[in-house]
Amino acid sequence: MNYGSRPFRSVLYMPGSNRRALEKAESLPADALILDLEDAVAPGRKEEARDLVAEALRKGEFGRRSVMVRINGFESPWHSRDLDAICAAGPEAVLLPKASFDEDVRRLEAALRQRGSDTRIWAMMETPLGILNARAIASSSSRLAGFVLGTNDLAKDLGCRNLPDRSPLATSLGIALLAAKTRGLICIDGVYNAYKDAEGLERECEQGRDLGFDGKSLIHPAQIEAANLAFAPSDGELDLARRQVEAFDRAKAEGSGVAVLDGRIVENLHVETAKRTIAKSEAIAEMAKSADLPSRK
């Protein structure tokens with residue numbers, strides 16, 4: 001699985017115990033899905049959820065969407081059976097909750113290997129200890145594809161206030177981002193709880209995008225459009241990216257390593273960013289085309 005060009009603008013949690021929700025997920029315009037066996041499932045329905053998620057994975061009707069399964073944690077009574085059932089269904093990725101040490105990822109990797117699974121691993125970054133160990137976690141395994149921020153659990157453990165600008169979480173968000181980007185991992189922002197608050201969601205998506213997150217984790221399908229819009233290159237950004245590449249190519253052809261565009265210097269580092277913007281736009285368009293969905297409104 002090549003994650004380098006895959007869009008992860010919208011990453012939607014789907015409760016594994018809800019058959020209708022799992023079926024609906026097959027047609028939603030989210031870039032990625034988290035089929036959840038952990039927090040979204042009551043203890044009495046864990047086995048049912050496990051069976052439903054395994055069935056959905058075997059059907060494999062999620063199209064180009066990236067799909068990961070959030071399993072229950074190591075110390076839970078469901079962890080081992082989650083892995084048995086999910087690995088047998090051939091998941092794209094497994095999401096490890098409450099990753100706090102690099103050893104947690106290696107322990108999961110060993111368990112997957114024992115079951116003959118080559119699935120990728122994602123880590124939930126949702127404990128203060130996990131944030132402090134983010135750099136080690138990011139470097140723990142070649143199977144690790146990304147971080148998903150669990151800001152609700154993190155805020156609970158920190159005892160911080162829920163402010164609109166998320167300033168109490170700023171240090172934690174920054175550390176997780178730095179660790180992820182150092183290793184070339186995807187980093188997904190935490191959820192916005194007030195799913196009916198469109199303005200607040202839009203503001204937080206834009207903040208996450210500006211910080212450097214690759215996308216937003218979501219708790220309701222109504223949030224998908226805002227995340228897809230915020231984390232997609234705008235028409236203006238895409239136009240600038242293309243013109244930067246063209247200007248730099250012309251400068252190189254003339255023997256110069258620097259171009260000037262709209263009164264600003266364009267160097268190789270700007271071109272690298274521009275090419276990533278173009279590639280992301282093309283990947284979004286390709287996904288939308290395959291699912292018959294709009295790439296941007």
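The shortest distance between side-chain heavy atoms of Asp189 and Arg166 falls below 4.5 Å. Contact annotation: the side chain of Leu158 approaches that of Ser172 to within less than 4.5 Å [non-hydrogen atoms, C-beta and beyond]. In this structure, Val67 and Pro91 have side chains that are not in contact, with every pair of non-hydrogen atoms separated by 4.5 Å or more. Within the 4.5 Å cutoff, the side chain of Leu83 has heavy atoms near those of the Leu108 side chain. By the 4.5 Å heavy-atom criterion applied to side chains, Leu154 and Pro128 are counted as neighbours. Contact check for Asn193 versus Val191: side-chain heavy atoms found under the 4.5 Å cut-off. Contact check for Lys196 versus His220: no side-chain heavy atoms found under the 4.5 Å cut-off. Proximity of Leu201 to Asp197: side-chain heavy atoms (C-beta onward) are nowhere separated by under 4.5 Å.
Residues Val105 and Ile121 come closest through the heavy atom pair O-CD1, 4.0 Å. Nearest heavy-atom pair, Ser139 versus Arg183, reported as atom, atom and distance to 0.1 Å: OG-CD, 3.4 Å. Among all heavy-atom pairs drawn from Ile137 and Ala123, the shortest one is CG2-CB, 4.3 Å. When all heavy atoms of Ala54 and Ala89 are compared, the closest pair comes out as O-CB, 3.6 Å. The heavy-atom pair separating Ser142 from Arg120 by the smallest distance is O-NH2, 4.2 Å.
At least one donor-acceptor pair closer than 3.5 Å links the side chain of Asp31 to the backbone N or O of Arg9. Using a distance-only test at 3.5 Å, with no hydrogens or angles considered, a donor-acceptor pair links the side chain of Arg65 to the main chain of Leu28. A distance-only check finds no donor-acceptor pair linking the side chain of Asn228 to the backbone of Glu225 [under 3.5 Å]. Judged by distance alone, with hydrogens and angles left aside, the side-chain atoms of Asp36 form a donor-acceptor pair with the main-chain N or O of Ala40 at under 3.5 Å. Formation of a donor-acceptor pair under 3.5 Å by the Lys216 side chain with backbone atoms of Val11 is not found in this model. No donor-acceptor pair under 3.5 Å is formed between the side chain of Ser281 and the backbone N or O of Ile278. Judged purely by atom type and a 3.5 angstrom limit, Arg106 has no side-chain atom pairing as donor or acceptor with the backbone of Ser141. Within the 3.5 Å criterion, the main-chain N or O of Phe231 finds a donor-acceptor partner in the side chain of Lys280. Between the Asp262 side chain and the Arg264 main chain, no donor and acceptor come within less than 3.5 Å of each other. Checking side-chain atoms of Asp102 against main-chain N and O of Ser140 turns up no donor-acceptor pair under 3.5 Å.
For the atom pair Leu35 CG and Ser17 OG, the distance stands at 11.5 Å (nearest 0.5 Å). With rounding to the nearest 0.5 Å, the separation of CD1 in Ile265 from CZ in Phe248 is 11.0 Å. In this structure, the separation between OG on Ser100 and CE on Met125 is 8.0 Å, given to the nearest 0.5 Å. In this structure, the separation between CD on Gln223 and OH on Tyr13 is 11.5 Å, given to the nearest 0.5 Å. For the atom pair Thr127 OG1 and Lys156 NZ, the distance stands at 10.0 Å (nearest 0.5 Å). If you take CG on Asp118 and CZ on Arg113, they are separated by 11.0 Å, rounding to the nearest 0.5 Å.
Remark: the Arg115 side chain and the Ser80 side chain contain an N/O donor-acceptor pair separated by less than 3.5 Å. Residues Thr277 and Glu237 bring no donor and acceptor atom of their side chains to less than 3.5 Å of each other.
Under a 4.0 Å N-O distance rule, the pair Glu282/Arg242 does not qualify as a salt bridge. Comment: Lys181 engages Asp214 in a salt bridge, judged by a side-chain N to carboxylate O separation of less than 4.0 angstrom. The pair Arg58-Glu55 does not meet the salt-bridge criterion, since no charged nitrogen lies less than 4.0 angstrom from a carboxylate oxygen.
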Using the rule given for side chain to side chain contact (heavy atoms under 4.5 Å, CB included), can you reason through Cys187 versus Leu149, listing the C-alpha separation, both sets of side-chain angles and the distance that settles it, and then say yes or no? CA-CA 8 Å; Cys187 200; Leu149 272 289; 3.8 Å; yes
Test Asp84 against Arg50 for side chain to side chain contact (heavy atoms under 4.5 Å, CB included), laying out the working first. CA-CA 10 Å; Asp84 289 342; Arg50 188 187 303 130; over 6 Å; no
Dump the intermediate steps for side chain to side chain contact (heavy atoms under 4.5 Å, CB included) on Thr151 and Leu173, then the final yes or no. CA-CA 9 Å; Thr151 45; Leu173 297 177; 4.1 Å; yes
Arg203 vs Glu199, side chain to side chain contact (heavy atoms under 4.5 Å, CB included): CA-CA, chis, key distance, verdict: CA-CA 6 Å; Arg203 181 175 59 247; Glu199 183 178 337; 4.3 Å; yes
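Of the listed residues (Lys98, Lys46, Arg45), just one forms a salt bridge (Lys or Arg N to Asp or Glu O under 4.0 Å) with Glu38, and that residue is Lys98.
Taking the six-membered ring where tryptophan is involved, the planes of Trp122 and Phe8 are tilted, since the angle between them lies from 30° to 60°.
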